[in-house]
Amino acid sequence: MSPTSPTPTNEPALIVLSHLRWSFVFQRPQHLMTRAARTRRVFFVEEPHFGPGPDRLNLQHTPSGVLVCTPHLEEGHSADVSQARTANLLSALVTAEGLGTYDLWVYAPMEWPVAAQLRPRLVIYDCMDELANFAGASPVLPAREAQVMARADVVFTGGHRLYQSKALKHSNVHPFPSSVDVAHFSRARQNLPDPADQRDLPFPRLGFAGVIDERLDRDLLAATAARHPDCQFVMLGPVVKINPADLPQRDNIHYLGMKDYADLPAYMAHWNAALMPFARNAATEFISPTKTPEYLSAGLDVISTGIHDVVRPYGERGLVRIADGADAFAQACADALHEQRAKNREWRTRVDSFLADLSWDHTWQGMQEQLRRAARARAARPATRAAPQPTAGAAHD
């Protein structure tokens, strides 16, 4: 580990504890932290890799200015000991980088003990999902999240349904639903070349782009594909936490794997409509899918199950088709292919009007304002406060 060149800025540095790797699907953390890096030094701390010692912290510079910090820990230790070792690495990083004042941004409540030796100016909890409801979640996760929220100066949520839940547990919670880089995805409305692994698929095409996990309604996908044997179902994204063998297998369902964020518009440019066939379960109760405005920016008609943060506002405004159950979902797909409302000028005008007020830049600006308010409130209170304290419980999978 060697010191990095400081970025000239008046803003405190930002240390981010993330459960998602920087190189994974480009989503909320990446969008926000690339913007934060324009005015701050951003240290994006991933969960560790385990192997032979000694412990070390690998630093990777990204074109956006974010410094990705990946702990490599000696294997064979308990979760508590491993987190303490990561805490030592972060403490050394703070010293090496000369971080006198910095803020702590938390995505991973399970990693809260990693902050044991940190003394941030502010603690920010950006709750993008109800992680405790996901498959394989640790039973101690709710307790860890309670610790984070007790220490947090400000809490952000990834959607309005999640806000309703977290606002009952903290006095300074603000909803910042999934946003979009309209300019990026609107490239799909242009005549982009059809990617090679999609090029030979017949039309019509119904597409999905995102993480394929327990949130996907596999039975619904299979039933819809069976009802539309003439359609090709293009599934982009990594398969996570479920057995790929359990995914529905049909000649008209195509799993093309994870794609680079930069390439998504080219795929979407050659779809007839976009799908969000989410299951209605605990893992989807609080989600606010980023792909909703991304699909719309691409000029696609969208068919979704009745996810709360999709129904409101997209379904209620007639921007997305909402359908639950195999018959209704398949019919909505048929309607989208028949009506081709993506070519309807009035519908596209309403979509673009809605998207005009939506951007990750606006989201980050709104968050920055809340950070400024939290800093002023913190400065007006007594200066001393207890450091984060580690607690027992498994953390590293």
Side-chain angles (χ1 to χ4, degrees), residues 25-35 64 128 158-160 175-195 198 204-211 233-237 256 258-278 287-305 307 309-322 332-333 336-337 339-367:
V25 174
F26 200 91
Q27 52 189 301
R28 183 184 183 93
Q30 290 88 343
H31 280 294
L32 293 175
M33 293 306 118
T34 55
R35 285 158 177 80
S64 65
M128 58 186 288
H160 289 286
F176 284 96
S178 296
S179 197
V180 65
D181 182 343
V182 172
H184 178 70
F185 284 94
S186 64
R187 293 175 52 239
R189 304 187 189 191
Q190 304 167 12
N191 188 26
L192 300 177
D194 202 355
Q198 178 179 266
R205 299 172 183 169
L206 302 173
F208 171 90
V211 178
F233 291 76
V234 181
M235 307 294 291
L236 307 182
L256 302 187
M258 182 171 168
K259 303 301 175 185
D260 191 280
Y261 178 76
D263 297 330
L264 293 178
Y267 283 90
M268 295 180 183
H270 301 276
W271 294 353
N272 297 91
L275 304 178
M276 295 199 296
F278 287 115
I287 63 172
S288 177
T290 306
K291 59 182 59 59
T292 316
E294 292 176 349
Y295 288 158
L296 291 173
S297 297
L300 291 166
D301 203 344
V302 183
I303 304 99
S304 175
T305 51
I307 300 302
D309 279 14
V310 179
V311 174
R312 300 178 184 175
Y314 297 97
E316 292 180 343
R317 293 174 179 238
L319 305 180
V320 168
R321 300 175 190 269
I322 305 297
C333 291
L337 295 173
E339 295 173 14
Q340 299 187 46
R341 70 177 182 178
K343 297 180 180 180
N344 180 286
R345 181 177 298 178
E346 185 274 333
W347 181 80
R348 293 184 71 158
T349 297
R350 288 194 292 113
V351 166
D352 291 345
S353 177
F354 179 85
L355 294 172
D357 295 326
L358 206 60
S359 77
W360 287 113
D361 286 336
H362 290 164
T363 298
W364 178 243
Q365 290 167 9
M367 288 178 163

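Numbers here simply count residues along the sequence, with the first being 1. Values in this document were obtained by computation on a predicted structure and should not be read as measured data.
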Listed by chain and number, what are the side chain to side chain donor-acceptor pair (under 3.5 Å) partners of R187, not counting sequence neighbours?
none
All side chain to side chain donor-acceptor pair (under 3.5 Å) counterparts of D309, not counting sequence neighbours:
none
Closest non-hydrogen contact found for L264 with A209 is CD2-CB, 4.4 Å
Using the side-chain contact (heavy atoms from CB on, under 4.5 Å) rule, take L236 and F208 through it: C-alpha gap first, then chi angles, then the decisive distance, then the call.
CA-CA 6 Å; L236 307 182; F208 171 90; over 6 Å; no
Partner set under side-chain contact (heavy atoms from CB on, under 4.5 Å) for S353, not counting sequence neighbours
none
Ring pair (Phe, Tyr, Trp, His ring centres under 6.0 Å) partners for Y261, two or more places apart
F26, H31, H184, F185
Write down the atom of Q30, the atom of V25, and the distance for their closest heavy-atom approach.
NE2-O, 3.4 Å
Can you sort out the partners of A266 under side-chain contact (heavy atoms from CB on, under 4.5 Å), two or more places apart, ordered by chain and number?
L192, P195
If I compare all heavy atoms of V182 with all of L358, which pair ends up nearest, and what's the gap?
CG2-O, 3.9 Å
Assess whether a salt bridge exists between R348 and D301, defined as any Lys/Arg side-chain N lying under 4.0 Å from an Asp/Glu carboxylate O.
no
Can you sort out the partners of D260 under side-chain contact (heavy atoms from CB on, under 4.5 Å), two or more places apart, ordered by chain and number?
A262, D263
Any salt bridge between D352 and R189, counting N to O under 4.0 Å?
yes
Quick one: does M235's side chain get under 4.5 Å of L256's, heavy atoms only?
no
Kindly indicate, with the supporting measurements, whether the criterion side-chain contact (heavy atoms from CB on, under 4.5 Å) is fulfilled by R205 and F233.
CA-CA 6 Å; R205 299 172 183 169; F233 291 76; over 6 Å; no
Listed partners of Q365 passing side chain to side chain donor-acceptor pair (under 3.5 Å), at least two apart
none
What one should report as the nearest heavy-atom pair of A269 and A188 is CB-O, 3.2 Å
Restricting to pairs with a member in residues 268-277, which pass side chain to side chain donor-acceptor pair (under 3.5 Å), not counting sequence neighbours?
Q198-W271
List the residues meeting side chain to side chain donor-acceptor pair (under 3.5 Å) with R350, not counting sequence neighbours, and say none if there are none.
E346
Heavy-atom closest pair (L296 atom, V320 atom, distance to 0.1 Å) is CD1-CG2, 4.3 Å
Compare all side-chain heavy atoms of L355 with those of D357 and state whether any distance is below 4.5 angstrom.
no
With the side chain counted from C-beta on, respond yes when R321 and R341 share a heavy-atom pair under 4.5 Å apart, and no when they do not.
yes
For the residue pair T363 and L32, establish whether any side-chain heavy-atom pair is separated by less than 4.5 Å.
yes
Check whether any side-chain heavy atom of L206 lies under 4.5 Å from a side-chain heavy atom of L337, and answer yes or no.
yes
Qualifying side chain to side chain donor-acceptor pair (under 3.5 Å) pairs, either residue in residues 287-298, two or more places apart
S178-T290
So, the side chain of T305 versus the backbone of F278: is there a donor-acceptor pair under 3.5 Å, distance only?
yes
Nearest heavy atoms of S359 and S179, plus distance in Å:
C-OG, 2.8 Å
Pairing residues for Y314 by the ring pair (Phe, Tyr, Trp, His ring centres under 6.0 Å) criterion, not counting sequence neighbours:
F354
In chain order, what residues pass the side-chain contact (heavy atoms from CB on, under 4.5 Å) check against Q340, with sequence neighbours excluded?
K343
